[in-house]
There are 2 protein chains.
Amino acid sequence: MEEVGFAHFSAREVAKRIGYSIGTIYNVFGSYDALILAINGRTLALWRDYLERRLEQSQGGRLGHAIEAYFEFAAKHRHAWAAIYDFRLPDDLSPPETYQAQVRAIFDIVVAEVRAALPATRKGEAASLTRSLLATVHGHCVFAMNGTFAMLGEHEPARAVLDRVREAVAS
Amino acid sequence: MEEVGFAHFSAREVAKRIGYSIGTIYNVFGSYDALILAINGRTLALWRDYLERRLEQSQGGRLGHAIEAYFEFAAKHRHAWAAIYDFRLPDDLSPPETYQAQVRAIFDIVVAEVRAALPATRKGEAASLTRSLLATVHGHCVFAMNGTFAMLGEHEPARAVLDRVREAVAS
DNA sequence: TCGCAAAATTGATCGGCGTTCAATTATTTT
DNA sequence: AAAATAATTGAACGCCGATCAATTTTGCGA
């Protein structure tokens, strides 16, 4: 996935590379979708690790470092990161609980940082504000990675989104 | 595309539905990627029309109406809208100029609204701020459409993003 | 109207994909 | 060693994007 990206990823190629047959892949994962979900879940775990390590070695400006971690991970693992969003389950299915837990684990890390950055009177907004700020950072990261920002003449997406986050926390 | 979504879209099915053979599709569009680009370009045009009409019948709170238009269009044309972002050209290619012009046309409409909402002293920031706010709205729309917000307990994404936009314009 | 060059259209063919499942091989248990 | 269980295989199916020689349709000058 990392190498070829979501569009050119194939279960057959996975089988070839690990020295098993295509049938074994299906015995283990059950379906193509489940294989993708397993890979994306693993990517989320790597992403959380990356974020945690990046925050460990951070003293001040922790929100800024969290944003940098978001952009850096997406840049270092373009294809694997994009696959998280390129893949969509059929409308009538939800991701497995283990997958949802991975998403919430990343969310929880960021909530703690946002809450710490908020004045005492606003700490109750932390969860709601974090959802919004994650979406904000994600939007900037998407436009940075897919060329939309380049098309519109934006060359400092990380700085732009940090401005947005600071405004929201300070408002 | 509208009907089956990017993942299940196929040039062969298009040929079947319009009563031509697969070969003719390739003679006209040249490649699968070019066909997708043509469809996505058309979706962008529909999107711009939708935005323009929505702003025509708007007196005050025009930025709010623009955001609503973003969300409404994405919801009304889920699959076609998602296809704009699901499709990625090979890394060494840029979208054709006509496609880029469609993107800029939408951008220009929003810049005018942002500029109008900005105090005189800040109108110079309009372009840069609009790029950032478009990314902000896009991020919220993505999380609303792909279930991330539902997973995290956010049920009013449009309200949240309007808060962000107002903060940025008023900051 | 006819003949013919240019343009448009076709669909068989190729290699590759997700998916299935009867057959086979390997492992464990008795 | 034999039987039972588990793991693995890969041919077969229908679909896909892509190609291109063969065919059909169109346009136009004589």
Side-chain angles (χ1 to χ4, degrees), chain A residues 1-44 77-96 98-100 102 146-147, chain B residues 1-44 77-96 98-100 102 146-147:
Chain A
M1 182 67 81
E2 186 73 56
E3 221 176 283
V4 302
F6 184 75
H8 299 100
F9 177 87
S10 91
R12 288 183 120 98
E13 181 66 20
V14 170
K16 207 172 295 177
R17 294 201 189 186
I18 66 175
Y20 281 85
S21 73
I22 177 64
T24 296
I25 297 285
Y26 272 78
N27 289 336
V28 171
F29 292 97
S31 71
Y32 182 78
D33 285 8
L35 171 59
I36 300 292
L37 236 19
I39 292 171
N40 285 352
R42 190 170 174 279
T43 302
L44 287 174
H77 310 278
R78 297 183 68 96
H79 290 147
W81 175 79
I84 294 173
Y85 303 99
D86 288 343
F87 174 70
R88 236 114 42 202
L89 234 30
D91 285 344
D92 55 339
L93 294 180
S94 296
T98 61
Y99 185 92
Q100 297 194 35
Q102 301 272 19
N146 74 5
Chain B
M1 182 67 81
E2 185 74 53
E3 223 177 282
V4 302
F6 184 74
H8 299 99
F9 176 86
S10 91
R12 287 183 120 98
E13 182 65 21
V14 170
K16 205 173 296 177
R17 295 201 189 186
I18 65 175
Y20 281 84
S21 74
I22 177 64
T24 296
I25 298 287
Y26 273 78
N27 290 336
V28 172
F29 293 97
S31 72
Y32 182 77
D33 285 8
L35 170 59
I36 300 292
L37 236 20
I39 292 172
N40 285 352
R42 190 170 175 279
T43 302
L44 287 174
H77 310 278
R78 298 183 68 95
H79 290 148
W81 175 79
I84 293 174
Y85 303 99
D86 288 343
F87 174 69
R88 237 115 39 202
L89 234 31
D91 285 344
D92 55 338
L93 293 181
S94 295
T98 61
Y99 185 92
Q100 297 193 35
Q102 301 271 19
N146 74 4

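Atom CD of B:Glu13 and atom C1' of D:dG17 are 15 Å apart (whole Å). Atom CD1 of A:Ile25 and atom P of C:dC17 are 13 Å apart (whole Å). Remark: C1' of D:dC16 and CG of B:Asp33 are 14 Å apart, rounded to the nearest angstrom. For B:Phe9 and D:dC15, the CZ to P distance is 17 Å, given to the nearest whole Å. If you take CZ of A:Phe29 and P of D:dA7, they are 15 Å apart, rounded to a whole angstrom. Between the CG atom of B:Asn27 and the P atom of D:dA21 there is a distance of 13 Å, given to the nearest Å. The distance from atom NE2 of B:His8 to atom P of C:dC17 is 17 Å, rounded to the nearest whole Å. The interatomic distance linking A:Lys16 (NZ) with C:dG18 (P) rounds to 11 Å, in whole Å.
A:Ser10 comes within 4.0 angstrom of the backbone, heavy atoms only, and of no base. Using a 4.0 Å heavy-atom distance criterion, A:Tyr26 is classed as a base contact.
With distances taken from any side-chain atom of A:Ile22 to the nucleotides D:dG17, D:dT9, D:dG10, the minimum falls on D:dG10. Distance from the side chain of B:Tyr32 is smallest for D:dA18 among the nucleotides D:dA18, C:dG18, C:dT10. Listed nucleotides C:dT19, D:dA18, C:dT10 differ in distance to A:Ser31; the shortest reach to its side chain belongs to C:dT19. Among C:dT13, C:dG18, C:dT9, the nucleotide with an atom closest to any side-chain atom of A:Arg12 is C:dG18. For A:Tyr20, counting side-chain heavy atoms from C-beta on, the closest listed nucleotide (C:dG18, D:dT8, C:dT13) is D:dT8.
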Fill in: Residue pair A:Asp86, B:Arg88: steps toward the side-chain contact (heavy atoms from CB on, under 4.5 Å) verdict
CA-CA 10 Å; A:Asp86 288 343; B:Arg88 237 115 39 202; 2.3 Å; yes

Discussion item. Before you tell me yes or no, could you show the steps for B:Phe9 and B:Leu35 under side-chain contact (heavy atoms from CB on, under 4.5 Å), namely the whole-Å CA-CA distance, both residues' side-chain angles and the distance that decides it to 0.1 Å?
Written reply: CA-CA 11 Å; B:Phe9 176 86; B:Leu35 170 59; 4.0 Å; yes

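Close to D:dT9, at under 4.0 Å from its OP1 or OP2, lies a side-chain N or O of A:Thr24.
Here the side chains of B:Phe6 and B:His79 are not in contact, with every heavy-atom distance at 4.5 Å or above. Taking the side chain as every heavy atom from C-beta outward, B:Glu2 and B:Thr43 never approach each other to under 4.5 Å.
Counting heavy atoms of neighbouring residues, nucleotides and ligands inside a 6.0 Å radius, atom OH of A:Tyr32 exceeds 12 of them.
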